[in-house]
Amino acid sequence: MDFTLSEEQLMIQQAAKDFAQNELLPGIIERDDAQKFPAEQVKKMGELGFLGMMVKEEYGGSGLDTLSYVLVMEELSKIDASASVVVSVNNSLVCWGLETFGSEAQKKKYLTRLASGENIGAFCLSEPEAGSDATSQKTTAIDMGDHYIVNGTKNWITNGSTAEVYLVIAQTDVDKGHKGINALIVEKGMEGFEIGPKENKLGIRGSDTHSLLFNDVKVPKENRIGEDGFGFKFAMKTLAGGRIGIAAQALGIATGAYELAKKYSKERKAFGTEIANHQAIAFKLADMHTKIQAARYLVYQAACDKDNGKDYTLSGAMAKLYASEVAMETAVEAVQIHGGNGFVKDYHVERMMRDAKITQIYEGTSEIQKIVISRSILKD
Ligand SMILES: Cc1cc2nc3c(=O)[nH]c(=O)nc-3n(C[C@H](O)[C@H](O)[C@H](O)COP(=O)(O)OP(=O)(O)OC[C@H]3O[C@@H](n4cnc5c(N)ncnc54)[C@H](O)[C@@H]3O)c2cc1C
């Protein structure tokens, strides 16, 4: 295993670092307070090629590898996890799914705009009664010959009101169970498609999370991704890669919180010396650093598995499980190291602590990752 980064990867990493510092950091506390979507910043990320990083250049993407994508996710998430989740959803769940399983016509019509950042996309699987148990889809897509009629509600959809293109999972044939599910491309503005209220969230408050309502929405057959009944497999395969992006987001939040805590511990004095000189604080930093490095290896390994054409279901789930736990733990300790200052907004770590929590929940909770991991290790 050699994670030495190439010249190109180092350049991309630096570009993301500079962008986060110069464009995401200013105004971040206000955006978090107001739940303001970072629209201008997302536009600029599109211009930098961050929204279609792994998409081939012929479809408007940057044609890069998964490791480069992970490096960008990590750098952006050190500062602003609300902005990085847009990058994660658009790259991993929307562009990757369309490029891998979409028809040529779908790629030409939708992928090019999504990869260049002209449009952003949303991935719509969760429902009021179907979260971890994604097979319990209540949204229906009734086959009407040349089109489907879609009815139902989706919950918690990232980029819910800002997206133009929505990949919607729905049940066509109840008798076939998960083999009767389809993935359809729905466009904003289709008749009967309504965007529900915005969620008022604990963390990633700048991210735009909504419920979506489908009321007799007519979706042409050519908007189905893959064969009839491929929708559940589509969702699972897409989420397997998505987890690597969220693992990288968690790694970034952990690293951002750790770096702030380390800096603060060398500035803040108590009992006549910098708090870093108290072993209780130094040991916290030692634990944080060690765990972050372990998480980084898991995340990079999963990215490399994907780039090398290996199965990344297990490595991606392990990376997400561990990195999200490290993110939560590190952010809590970063608040502790900041003392009272950790509890106020100006020092950023309280936001990171709130943001870290979501990485243990979305794209499969930690419990679901353990199901994926245990099934994988027990199968032989
Ligand atoms: C901010 C945010 C953004 C999101 N973005 C999207 C999005 O863009 N698209 C999308 O489709 N979804 C999205 N989600 C939904 C997210 O993926 C789900 O919330 C998540 O999968 C958990 O589902 P649930 O909330 O229904 O919890 P539940 O499935 O009800 O789980 C509740 C608890 O039970 C546990 N549990 C459930 N089943 C088991 C089991 N078999 N064994 C052990 N424990 C179990 C869970 O781990 C959890 O702790 C988002 C959610 C949030 C909060």
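Indexing begins at 1, ligand by ligand and atom by atom, following the structure's order. Not measured: the values here are computed from a predicted model. Computed from heavy atoms alone, side chains included, the values below leave out hydrogens, waters and symmetry copies.
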**Report entry** Sub-3.5 Å N/O-N/O distance, I204 and ligand 1
**Finding:** no
Requested in this report: Applying side chain to side chain donor-acceptor pair (under 3.5 Å) between T255 and each of R296, H289, K78, report the one that passes.
Outcome: R296
**Report entry** Closest protein heavy atom (residue, atom, distance) for atom 8 (O) of ligand 1
**Finding:** T158 N, 3.0 Å
Query raised in the report: Using a heavy-atom cut-off of under 4.0 Å, does the side chain or the backbone of K201 touch ligand 1, or both, or neither?
Result: side chain
**Report entry** Between F101 and W96, ring centroids under 6.0 Å
**Finding:** yes
Query raised in the report: Pick one: which of D216, T139, T140 meets side chain to side chain donor-acceptor pair (under 3.5 Å) with N151?
Result: D216
Report summary line: So the atoms of ligand 1 within less than 4.0 Å of a heavy atom of T365 turn out to be 22 (C), 46 (C), 47 (O)
Query - Shortest protein contact, atom 24 (P) of ligand 1 (heavy atom only) - result: G131 CA, 3.9 Å
Query raised in the report: Checking K188 against Y166: charged group under 6.0 Å from the ring centre and within 45 degrees of the axis?
Result: no
Query raised in the report: Counting heavy atoms only, which of S88, C124, S126 comes nearest to atom 18 (C) of ligand 1?
Result: S126
Report task. State whether any protein heavy atom lies less than 4.0 Å from atom 35 (C) of ligand 1. Result -> no
Query raised in the report: What heavy-atom pair brings R31 and P38 nearest, and what distance separates the two atoms?
Result: NE-CB, 3.9 Å
Report summary line: Note: ligand 1 atoms sitting under 4.0 Å from heavy atoms of E363 are 17 (O)
**Report entry** Contact bool for atom 30 (O) of ligand 1 (protein heavy atom, d < 4.0 Å)
**Finding:** no
**Report entry** ligand 1 contacted by I358 (non-hydrogen, < 4.0 Å)
**Finding:** yes
Query raised in the report: If you link I, L, V, M, F, W and Y whenever their side-chain heavy atoms are under 4.5 Å apart, who else ends up in the same group as F283?
Result: none
Report summary line: atom 39 (C) of ligand 1 sits nearest the protein heavy atom I368 CD1, 4.2 Å
Query raised in the report: Any side-chain heavy-atom pair from T158 and F123 closer than 4.5 angstrom?
Result: no
Query raised in the report: In the protein, what heavy atom is nearest to atom 9 (N) of ligand 1, and what distance, to one decimal place, separates them?
Result: F123 O, 2.8 Å
Report task. Decide whether T209 and K201 meet the rule of one side-chain donor and one side-chain acceptor closer than 3.5 Å. Result -> yes
Report summary line: atom 13 (C) of ligand 1: closest protein heavy atom, distance to 0.1 Å, is W156 O, 3.1 Å
Report summary line: protein heavy-atom neighbour closest to atom 38 (N) of ligand 1 works out as S132 CB, 3.9 Å
**Report entry** Short side-chain donor-acceptor distance under 3.5 Å, S211 and N155
**Finding:** no
Query raised in the report: Between I371 and ligand 1, which part of the residue brings a heavy atom under 4.0 Å of the ligand: side chain, backbone, both or neither?
Result: side chain
Report summary line: Closest to atom 20 (C) of ligand 1 among protein heavy atoms sits I361 O, 3.6 Å
Requested in this report: For residues V86 and N159, determine if any side-chain heavy atom of one lies less than 4.5 Å from a side-chain heavy atom of the other.
Outcome: yes
Report task. Using a 4.5 Å cut-off on heavy atoms from C-beta on, say whether the side chain of Y347 contacts that of I29. Result -> no
Query raised in the report: Looking at atom 46 (C) of ligand 1, would you say a protein heavy atom lies below 4.0 Å from it?
Result: yes
Query raised in the report: Using a heavy-atom cut-off of under 4.0 Å, does the side chain or the backbone of N159 touch ligand 1, or both, or neither?
Result: neither
Query raised in the report: Is it the case that more than 12 heavy atoms not belonging to E47 sit under 6.0 Å from its CD atom?
Result: yes
Query raised in the report: Any idea which protein heavy atom is nearest atom 43 (C) of ligand 1, and the distance to it?
Result: E367 CB, 3.9 Å
